[in-house]
Amino acid sequence: MTNLHLIRLPLELRAFTSWALRRRYLQVPPGDGSGRPRSAEIGYAVHAALAGLFGGQAPRPFYWTPVGQRERQRTGRLAATNRASVMDLLGYARAPLETLETLAQLDNKGLSTMIHWERAGSKPMPTHWPKDLRLRFDLRACPVRRLMNPLVTPYNSKRRTTTLSKGKEVDAHQLAAIRALERGERPPTRAETYVEWLAQWLAAKGDRAQVVNLIPGSVRVESYRSVRLLRRPRYFNGNRYAQWLTRPDVHFTGLLEIAEPAAFLDLLAGGIGRHCGFGFGMLLLRPA
């Protein structure tokens, strides 16, 4: 176990959007005309910007907090004009802010100018956690399961079936609903499926101990949406091509207790679930 730091990087959205569009990490202009890219596409672009700035020391997992309608109403029109162009990026990193700022000075692509360094900050996470400490958490996660065998879906509204290939990632709720229909049972609700997915993901597996326990009845699905995620993987010829993934985007809240303090920082640094390098999987903690 090594030290872990919670990093805050205020990102200039207009400069970031312009850079991402030029590099084709975003493929459409901002959705609201004021410099804010659509959140369905931003994860890969943020990943690319962080990797360009910090390499292997880049914060991961990360979470962004754009100013929304509620904040604009609360802070007033003038404050909103000044703040809406900046997005707070939170992430866990093994290196402190001073190291990241030093790495950013090596940047020759103009990425470092996107960061408001005078407003950036970091704090070390505790290295020793009491066993059974109870904490409240927020989590944005991507609840998917990978198919071990091909799966034929039931008839859709057009009386057609679809065969999903082995190894494909499937929305955990879609898979649970298909399995329930195969057994002649009532499909679970989306919230039931996602809470079960989270509990199973955190459970002990093989040599991995159970690091935290979820407090029964405390976990809630606050929101759900289906998003299109852009990735640009490198193919055998060395080129990158756009790849669109439709995935569930779920916001959880709840209470957890630390069961294995020695492994807790590694859990935070590794993130929860799939696509932790693209804006999912960061456990945000506060006192219960």
Side-chain angles (χ1 to χ4, degrees), residues 5-123 138 140 227-232 240 242 249 271 275-282 284:
H5 301 265
L6 176 62
I7 306 292
R8 175 178 176 265
L9 297 173
L11 189 68
E12 176 61 50
L13 276 177
R14 292 184 183 276
F16 166 74
T17 301
S18 177
W19 170 83
L21 286 170
R22 289 197 309 271
R23 296 296 300 269
R24 299 177 63 193
Y25 294 131
L26 295 176
Q27 290 197 331
V28 297
D32 65 357
S34 63
R36 275 203 320 225
R38 294 171 182 169
S39 57
E41 303 162 352
I42 194 176
Y44 185 76
V46 173
H47 160 79
L50 293 177
L53 276 169
F54 310 121
Q57 299 285 355
R60 173 194 170 115
F62 59 82
Y63 177 80
W64 61 85
T65 55
V67 176
Q69 181 65 30
R70 185 173 302 173
E71 288 78 6
R72 288 196 294 272
Q73 291 174 350
R74 184 167 61 243
T75 58
R77 185 179 300 275
L78 180 59
T81 301
N82 294 331
R83 294 180 56 201
S85 62
V86 176
M87 176 181 69
D88 276 340
L89 184 72
L90 301 175
Y92 290 127
R94 293 297 188 181
L97 181 65
E98 293 77 11
T99 299
L100 298 183
E101 192 167 4
T102 299
L103 290 172
Q105 293 175 7
L106 304 176
D107 164 56
N108 60 1
K109 301 177 183 178
L111 291 171
S112 61
T113 60
M114 301 179 192
I115 307 296
H116 291 259
W117 292 104
E118 74 283 358
R119 294 164 55 185
S122 72
K123 66 176 182 180
D138 281 83
R140 179 191 179 216
V227 297
R228 296 180 70 223
L229 305 176
L230 173 64
R231 297 183 63 190
R232 299 185 65 85
R240 293 183 182 272
D249 179 351
H275 305 296
C276 290
F278 303 98
F280 294 98
M282 184 178 181
L284 295 168

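For reference, positions follow the sequence shown, starting with 1.
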Colleague: Identify, with sequence neighbours excluded, every residue that meets salt bridge (Lys or Arg N to Asp or Glu O under 4.0 Å) alongside Arg8.
Modeller: Asp88
Colleague: Do you know which two heavy atoms are closest between Cys276 and Gly281, and how far apart they sit?
Modeller: SG-CA, 4.0 Å
Colleague: When rounded to the nearest 0.5 angstrom, what is the spacing between CZ in Arg94 and CZ in Arg60?
Modeller: 12.5 Å
Colleague: Could you tell me whether the side chain of His5 reaches within less than 4.5 Å of the side chain of Tyr92, counting heavy atoms only?
Modeller: no
Colleague: Are any of the side-chain heavy atoms of Phe16 and Leu111 separated by less than 4.5 Å?
Modeller: no
Colleague: Of all residues at least two apart in sequence or in a different chain, which pass the side-chain contact (heavy atoms from CB on, under 4.5 Å) check with Ala15?
Modeller: Glu12, Met114
Colleague: Under the side-chain contact (heavy atoms from CB on, under 4.5 Å) rule, collect the residues that match up with Ala104, sequence neighbours excluded.
Modeller: Leu53, Phe54, Ser112, Trp117
Colleague: To check you understand the geometry: which heavy-atom pair defines the closest contact between Ala120 and Pro10, and what is its length?
Modeller: CA-CD, 3.6 Å
Colleague: As an exercise, state the distance from CZ of Arg22 to OG1 of Thr17, rounded to the nearest 0.5 Å.
Modeller: 10.5 Å
Colleague: Answer yes or no: is there a side-chain heavy-atom contact under 4.5 Å between Leu89 and Ile7?
Modeller: no
Colleague: Partners of Asp138 by salt bridge (Lys or Arg N to Asp or Glu O under 4.0 Å), sequence neighbours excluded?
Modeller: Arg286
Colleague: As a quick check of understanding, evaluate side chain to side chain contact (heavy atoms under 4.5 Å, CB included) for Gln57 and Leu50, giving each step before the final call.
Modeller: CA-CA 9 Å; Gln57 299 285 355; Leu50 293 177; over 6 Å; no
Colleague: Is the shortest side-chain heavy-atom distance between Leu90 and Phe62 below 4.5 Å?
Modeller: no
Colleague: Residues in ring pair (Phe, Tyr, Trp, His ring centres under 6.0 Å) with Phe278, at least two apart?
Modeller: Tyr44, His47
Colleague: Taking the side chain as everything from C-beta on, heavy atoms only, tell me whether Leu103 gets closer than 4.5 Å to Glu98.
Modeller: no
Colleague: Step by step, work out the side-chain hydrogen bond (donor to acceptor under 3.5 Å, both in side chains) result for Arg14 and Ser18.
Modeller: CA-CA 6 Å; Arg14 292 184 183 276; Ser18 177; over 6 Å; no
Colleague: Decide yes or no for Trp64 and Leu13: does some side-chain heavy atom of the first lie under 4.5 Å from some side-chain heavy atom of the second?
Modeller: no
Colleague: Considering residues at least two apart in sequence or located in another chain, which fulfil the ring pair (Phe, Tyr, Trp, His ring centres under 6.0 Å) criterion with His275?
Modeller: none
Colleague: Less than 4.5 Å apart, any side-chain heavy atom of Pro59 and any of Leu100?
Modeller: yes
Colleague: Quick one: do Val86 and Leu11 satisfy side chain to side chain contact (heavy atoms under 4.5 Å, CB included)? Show the steps, please.
Modeller: CA-CA 5 Å; Val86 176; Leu11 189 68; 5.9 Å; no
